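These notes are about the structure you will find just below.
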Amino acid sequence: MINITLPDGSVRNYEKGISSMDIALSISEGLARNVLAAKVNGEIWDSNRAIQQDSKVQLLTWNDPEGKSTFWHSSAHLLAEAIESLFPDAKFGIGPAIENGFYYDIDFMGKDFSQENFDAVEKKMLELAKQKNEYKRSEVSKADAISYFTKKGDPYKLELIEGLQDGQITFYQQGNFVDLCRGSHIPNTGFIKAAKILNVAGAYWRGNEKNKMLTRIYAITFPKDKELKDYLTLLEEAKKRDHRRLGKELELFTFSEKVGMGLPLWLPKGAILRERLESFMRQAQVKRGYQQVITPHIGSKELYVTSGHYAKYGADSFQPIRTPDVDEEFLLKPMNCPHHCEIYKFKPRSYKELPLRLAEFGTVYRYEQSGELHGLTRVRGFTQDDAHIFCRPEQVKEEFSRVIDLVLYTFGALGFDDYVAQISLRHQTEREKYIGSEETWERAEQDIIEATAEKNLKTVIAYGEAAFYGPKLDFMIKDALGRKWQLGTIQVDYQLPERFKLEYIGADNQKHQPVMIHRAPFGSLERFVAVLIEHCAGNFPLWLSPEQIAVLPISEKYHDYAEKLFGILQENDIKGFVDQRDEKIGRKIRDAEMKKVPFMLVVGEKEQETNSISVRKKGEGDLGSMEISAFVAYFKDLLKKELN
RNA sequence: GCCAAUAUAGCUCAGUGGCAGAGCACUUCCUUGGUAAGGAAGAGGUCAUGAGUUCAAUCCUCAUUAUUGGCUCCA
């Protein structure tokens, strides 16, 4: 007999070799019907796998993230089975579960696979699912594994097997389909009741662009048809929050083929929004001891040769601008830091001046790959809320920690609570991508790890994500469709001060080298606005709304009163417009609601007589009438509350 | 940059190898109204660009450009 400990702490006694499915059955039949797999001592196991010793067991159902991912992983096998029966020549790469669904990388050997095939594959999947084929696990020797896939002619699987250790190779079979797979899987295909292929995309084999590009099929499955319908509705809703769509609808920004791809044009309303964010940040920074500076959009090529950016990115950047003078070349600035280094060098610095915090809303230009451009989140010209802190080595941790506070303050003010702080370190093996000594890297990494620990920040560590000159702390946030974007970033840098020969005179009257911290709480205004739009679905907080009020006269007779009212509001720095169209009030209200204007001020005979307005709040309805001065006071009070 | 798809009115999208369509938006007129769409008329397009096939191309073919979904990259 063995002891099985369940998640609630209870211990049950079973015969040696019992499966988690049998454990479920012993608890309740209903539970057993929903068990997809089990977590045995922290490992995910098939529910029919025999347990040989005392273990901690957690039964996994659709409601557990691990249950879902097992379900989707098994679905990937089902997809592959369906594809194989429809495209016998197809060769298979890998097919993992992802956050929402799964994908399978497939080489169709020159055959087309597109939208038109989706239906057939989905149908085939459900047909195979109905057969309730068991997912059968078998341990195979490396030699047998190689011989099987050699016979089958699947080069990708063979390549994968090459990297595996003999004795640790398992196959899974459902129906006629056998796949190399570590597992684990759901009991049988019958659990899969709904399937939808979402899209296809190219993906390099093993993520290496030197390899062949396979067709990646993204799909999702559910144990109930209704859940698929709900998911598709959810996707539709998410699309409505897409900043590219709302940016157009709310007239915030646009792009023009003639101006150039990836070069955003801010429309008047978008510009208001952006300027408000800039002034918010400027104020926050001035309070924290930053000083604004301004530098030009171009810089001599020499500047970037010195900084090391030219060697690293020069070939893949906008190429140098030439002048009539020979050998004179300028670069569109891809970074503000070299300029700021030169500001630092303007005069000899004393340790008493440090930390010196130089801030600039600097517009930079980077030649992003054409396929990478995406709305406002990935562009070729953008403005960073950049600053560089020059400090003494012993001040790094304290300064870093202050910047974390600023980022958290910023996110808090805008209601961003669903972010991940990512500590971006060097790649663990490929060290040649980075400049600088081992010692300074270790010091910088240590400073970041300690500062984040002291802030109790929830962090993840990402190797290989560091900048080439130093480690970073990146604040990642998801857009409406679940894609992750980096917003704020804080980076410790020992290299640039060295390259620019920055120094300060210490208390010991000796020369010392300062450390730089690069930081941008928003990251880029463009990307930040994009994420902000999706975050609030275009329903901006009052202080950011490009149009805060709409004055809606009941009829033409009240246009004068409406204009007078609007004048008073403008004097009080309240932005908006008067809707003088020849439309009924219901129509004007509807249109203002669609434009997401926070307050609608209805004025007619009654209001004109009493020098008042009838206030309607977006999404809430009529608030009743108010005197003009009372509304202004109410409005200002709301603004104050929003900004604490 | 790579793979694939898409490109028709300001927007959202139908459509066809033989005179180019709808809804919304826009203009004008009627209407002067009380909290989410009043009515009528009108204007608006070299069907992304350039070649080719054809008696005839918005439609078929090829190339280019841009966009979309991924991959790779991301100072």
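Remember, it's a predicted structure, so these values are computed and weren't measured experimentally. Naming convention: chains lettered A, B, ... in sequence-line order (proteins, then strands); numbering from 1 in each chain.
Judged by the 6.0 Å distance and 45° axis criteria, A:Lys312 is not positioned over the aromatic ring of A:Tyr469.
Ring planes of A:Phe468 and A:Tyr313: perpendicular class, angle over 60° (limits at 30 and 60°). Classified by interplanar angle (parallel below 30°, tilted 30° to 60°, perpendicular above 60°), the ring pair A:Tyr365/A:His297 is tilted. Below 30°, between 30° and 60°, or above 60°: for A:Phe522 and A:Phe528 the angle between ring planes is between 30° and 60°, a tilted geometry.
Nucleotides B:A51 and B:G1 place their C1' atoms 26 Å apart, quoted to the nearest Å. Using atom C1' as the reference point in both B:G15 and B:C19, the two lie 15 Å apart (nearest Å). Across B:A37 and B:C24, the matching P atoms stand 14 Å from one another, rounded to whole Å. Atom P of B:G10 sits at a distance of 8 Å from the matching atom of B:G45, rounded to the whole Å. B:U27 sits 34 Å from B:A66 when the P atoms are compared, rounded to a whole Å. Straight-line distance between the P atoms of B:G69 and B:A36: roughly 36 Å, to the nearest whole Å. For the P atoms, the distance linking B:G44 with B:A9 amounts to 15 Å, nearest Å. Spacing of C1' atoms, B:U8 relative to B:U67, comes out at 15 Å, to the nearest Å.
For A:Arg483, the side-chain atoms get nearest to B:G69 when compared with the rest of B:G69, B:A75, B:G38. In this structure, of B:G69, B:C2, B:C74, it is B:C2 that holds the atom nearest to the side chain of A:Tyr204. Listed nucleotides: B:A75, B:U35, B:G70. Nearest to the side chain of A:Ala201: B:G70. In the set B:G70, B:A75, B:G33, B:A75 carries the atom at the smallest distance from any side-chain atom of A:Lys472. Ranking B:G69, B:G38, B:G34 by closeness to the A:Lys606 side chain, first place goes to B:G34. Considering only the side chain of A:Met261, B:A66 comes nearest among B:A66, B:G34, B:A75. Here B:A75 is the nucleotide among B:A75, B:G33, B:C73 with the atom lying nearest to any side-chain atom of A:Arg366. Distance from the side chain of A:Glu257 is smallest to B:A66 among B:C26, B:G1, B:A66. Counting only heavy atoms from C-beta on, A:Glu593 has its side chain closest to B:A36 among B:A36, B:C11, B:G34. Of the candidates B:G70, B:G34, B:A36, B:G70 carries the atom nearest the A:Met213 side chain, counting heavy atoms from C-beta on.
Nucleic acid contact class of A:Tyr103 (heavy atoms, under 4.0 Å, all strands): none. Within the nucleic acid shown, A:Gly586 comes within 4.0 Å of sugar-phosphate atoms alone, with no base atom in reach, counting heavy atoms only. Among the heavy atoms of the strands lying under 4.0 Å from A:Asp582 is at least one base atom, whether or not backbone atoms are also near. Counting non-hydrogen atoms under 4.0 angstrom, A:Ile589 reaches a base of the nucleic acid. Within the nucleic acid shown, A:Asp622 comes within 4.0 Å of at least one base atom, counting heavy atoms only. Within 4.0 Å of A:Lys584, counting heavy atoms only, lies at least one base atom of the nucleic acid. At a threshold of 4.0 angstrom between heavy atoms, the contacts of A:Glu607 include nucleobase atoms, whether or not backbone atoms are also involved.
Residue A:Lys210 has no polar side-chain atom (N or O) positioned under 4.0 Å from OP1 or OP2 of B:C2. In terms of phosphate contacts, A:Thr215 brings no side-chain nitrogen or oxygen within less than 4.0 Å of OP1 or OP2 of B:C3. A close approach under 4.0 Å does occur between a side-chain nitrogen or oxygen of A:Tyr313 and OP1 or OP2 of B:A75. Applying the 4.0 Å criterion to OP1 and OP2 of B:C11, one finds that A:Arg244 has every side-chain N and O outside that range. In this structure, A:Arg616 reaches the B:A36 phosphate: one of its side-chain N or O atoms is under 4.0 Å from OP1 or OP2.
Mapping A:Met594 and A:His374 onto RNA chain B by nearest heavy atom places A:Met594 at the nucleotide closer to the 5' end. Between A:Gln491 and A:Glu605, the residue anchored closer to the 5' end of RNA chain B is A:Glu605, taking for each the nucleotide with the nearest heavy atom.
Heavy-atom neighbours of A:Glu329 CD from other residues, nucleotides or ligands within 6.0 Å: above the threshold of 12. Summarising the local packing, NZ of A:Lys345 is surrounded by more than 12 heavy atoms from other residues, nucleotides or ligands at distances under 6.0 Å.
Between A:Glu368 and A:Val379, the closest heavy-atom pair is CG-O, 3.4 Å.
In this structure, A:Glu534 contributes its side chain and A:Ala480 its backbone to a donor-acceptor pair below 3.5 Å.
For the pair A:Phe255 CZ and B:U65 C1', the computed distance is 17 Å after rounding to whole Å. A straight line from CG of A:Asp591 to P of B:G33 spans 20 Å, rounded to a whole angstrom.
B:C11 shows a glycosidic angle more than 90° from 0 and is accordingly assigned anti.
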